[in-house]
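Structure first, commentary second.
In what follows, every heavy atom counts, from backbone to side chain, and hydrogens, waters and symmetry copies are set aside. Protein chains get the first letters and strands the later ones, always in sequence-line order, with residue 1 at the start of each.
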Amino acid sequence: MVSVLDAPSKTDSTESAAALLAWYDRHRRILPWRALPGETPDPYRVWLSEIMLQQTTVTAVKPYYERFLARFPTVEALAQAPQEAVMQAWAGLGYYSRARNLHACAKMVVAVHGGRFPAEEKALLSLPGIGAYTAGAIAAIAFGKVAVAVDGNVERVMSRLHAVTEPLPSAKPLIRELTLAMVPQRRPGDFAQALMDLGATICTPKKPACVLCPLALPCRARAAALAETFPRKETKTTGRLRRGAAFVALRADGRVLLRTRPPKGLLGGMAEVPVSDWRHDYAISEALRDAPLAGPWRRAPGTVRHVFTHFPLELAVFTATFGIDTAPPAGGRWVPRHDLAGEALPNVMRKVLEKALGG
DNA sequence: CACTCGTGGTA
DNA sequence: TTACCAAGAGT
């Protein structure tokens with residue numbers, strides 16, 4: 001193994017974990033989904049927050065979490081809700097397969113587990129939307145199991161603590177082992193959250209506050225003055241620009257033509273205005289052949305730009321007005337402008353509607 | 001295992 | 001502006 005200069009001793013791990021927990025007791029973040037000291041964590045809330053927090057910032061999650069919990073207070077309430085209501089509550093948060101899997105998971109917890117989340121990592125892993133990280137997080141935080149939850153924060157903290165030179169993602173198994181070796185028997189849930197808080201507030205990607213770090217002494221990256229250079233990563237490629245056309249059909253009675261995207265894939269199950277294919281060689285000059293209805297289409301000035309994880313997108317927006325007796329094309333529906341806020345519209349579609357209708 | 005899957009914030 | 005990043009999972 002190229003990665004570790006030398007192995008940590010059991011004593012080092014124990015002392016580091018104790019130092020981290022002592023720091024956590026003083027500096028832990030207060031978060032809506034986090035139980036206060038002495039409180040019993042609610043597995044439903046822990047699970048919901050962990051799903052929302054996947055690749056999503058705490059700031060972005062907070063308002064969604066509060067609204068979602070108010071609307072679906074229990075796993076039973078969520079399981080009984082219509083899919084459309086769940087997607088609507090998630091709209092704008094991104095990664096919509098999470099919402100579909102969340103709903104499926106709630107139904108499974110009710111149907112298979114009697115409405116109680118299983119406490120074992122293995123059983124949690126078998127539920128939709130719960131992978132290695134989330135299974136470990138729920139087992140440790142909600143049920144006090146000795147388990148690790150290795151997310152981006154933990155990868156950063158552990159790769160620095162041990163100066164892991166092997167790049168991610170190939171270093172994942174090693175980092176998982178290093179973390180597991182450090183988990184204390186006593187407070188595994190607090191330990192998991194402490195690692196994440198440390199990564200989020202002290203051991204940050206840029207300019208880590210090593211002076212304030214409870215693990216500064218044993219940290220090998222800091223000893224070499226190389227903390228900022230960890231974790232090492234394989235260079236990634238950015239996708240090519242794709243172009244396409246979006247068609248905002250407005251009916252004289254103030255309704256807008258919407259449709260629902262296929263259940264899987266990009267923006268799966270979300271609402272949209274009719275759009276063309278999105279390709280790097282899309283010819284906007286011939287966009288009208290992709291229009292959902294024949295009509296007096298006019299192109300709005302400029303374009304709508306949006307960046308997905310793996311490609312940037314540039315949409316030409318076309319608008320046209322139709323008579324009040326115009327029937328929707330197959331798969332389409334006329335939605336009153338006033339009701340657009342209640343639709344499961346991803347942000348790229350809100351941008352399109354903003355340009356076409358001016359808010 | 002490489003790719004797919006959103007969005008908003010920051011340097 | 002570009003690039004990177006944020007409590008990853010499914011395929």
Could you check whether [X] gets within reach of a base, just the sugar-phosphate, or nothing at all, counting any heavy atom under 4.0 Å?
X	result
A:Gly199	nothing
A:Ala192	nothing
A:Thr309	base
A:Thr134	sugar-phosphate
A:Leu31	base
A:Trp90	nothing
A:Arg305	nothing

Aromatic contact, A:Phe308 with A:Phe311 (centres under 6.0 Å) =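 Centroid separation for A:Phe308 and A:Phe311: below 6.0 Å.
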
Decide if the gap between the ring center of A:Trp297 and the ring center of A:Phe322 is smaller than 6.0 angstrom.
->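 That pair passes the under 6.0 Å test.
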
What is the separation between atom [atom1] on [X] and atom [atom2] on [N], rounded to the nearest whole Å?
X	N	atom1	atom2	value
A:Ile51	C:dG10	CD1	P	8 Å
A:Glu228	C:dC5	CD	P	12 Å
A:Lys206	C:dC4	NZ	C1'	6 Å
A:Arg156	C:dC4	CZ	P	15 Å
A:Lys264	B:dC5	NZ	C1'	13 Å
A:Leu124	C:dA9	CG	P	12 Å
A:Arg261	B:dC5	CZ	P	9 Å
A:Leu102	C:dA9	CG	P	13 Å

Please figure out whether A:Thr57 or A:Ala135 has its closest DNA chain C nucleotide nearer the 5' end.
->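 Nearest-nucleotide comparison on DNA chain C picks A:Thr57.
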
Report the residue (A:Ile130 or A:Asp151) whose heavy-atom-nearest nucleotide on DNA chain C is the more 5′ of the two.
->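 It is A:Asp151, whose closest nucleotide lies nearer the 5' terminus.
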
Decide whether A:Glu50 and A:Tyr133 meet the rule of one side-chain donor and one side-chain acceptor closer than 3.5 Å.
->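 On atom types as modelled, these side chains qualify, holding a pair under 3.5 Å.
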
For residues A:Arg333 and A:Thr260, is any side-chain donor paired with an opposing acceptor at under 3.5 Å?
->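 There is such a pair between these side chains.
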
Assess whether atom CD of A:Gln185 is packed by more than 12 heavy atoms of other residues, nucleotides or ligands within 6.0 Å.
->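 No, CD of A:Gln185 has 12 or fewer neighbouring heavy atoms, counting only those of other groups under 6.0 Å.
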
[N], OP1 or OP2 - any side-chain N/O from [X] closer than 4.0 Å?
X	N	value
A:His310	B:dT4	no
A:His306	B:dG6	no
A:Gln54	C:dG8	no

Per A:Gln55 side chain, nearest of listed nucleotides C:dT11, C:dC5, B:dG6 |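 Of C:dT11, C:dC5, B:dG6, B:dG6 is nearest to the side chain of A:Gln55.
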
C:dG10, C:dA7, B:dG6: which one has an atom nearest the side-chain heavy atoms of A:Leu266?
->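 Taking heavy atoms from C-beta onward, the closest nucleotide is B:dG6.
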
Nearest-angstrom distance, [atom1] atom, [N] to [M]:
N	M	atom1	result
C:dG10	B:dC1	C1'	13 Å
B:dG6	C:dC5	C1'	14 Å
B:dC3	C:dA7	C1'	22 Å
B:dC5	C:dA6	C1'	15 Å

If you go through the side-chain atoms of [X], does one of them form a donor-acceptor pair with the base of [N] closer than 3.5 Å?
X	N	value
A:Thr56	B:dG8	no
A:Arg100	C:dA9	no
A:Tyr95	B:dG6	yes

With DNA chain B as reference, determine whether A:Val348 or A:Pro169 sits nearer its 5' end, using the nearest nucleotide of each.
->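 On the 5' side of the pair lies A:Pro169.
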
What heavy-atom pair brings A:Ala81 and A:Val86 nearest, and what distance separates the two atoms?
->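 For A:Ala81 and A:Val86, the tightest heavy-atom pair comes out as CB-CG2, 4.2 Å.
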
Which atoms form the tightest heavy-atom contact between A:Leu293 and A:Pro329, and what is the distance?
->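 Distance-wise, the nearest heavy atoms are CD2-CD, 3.9 Å.
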
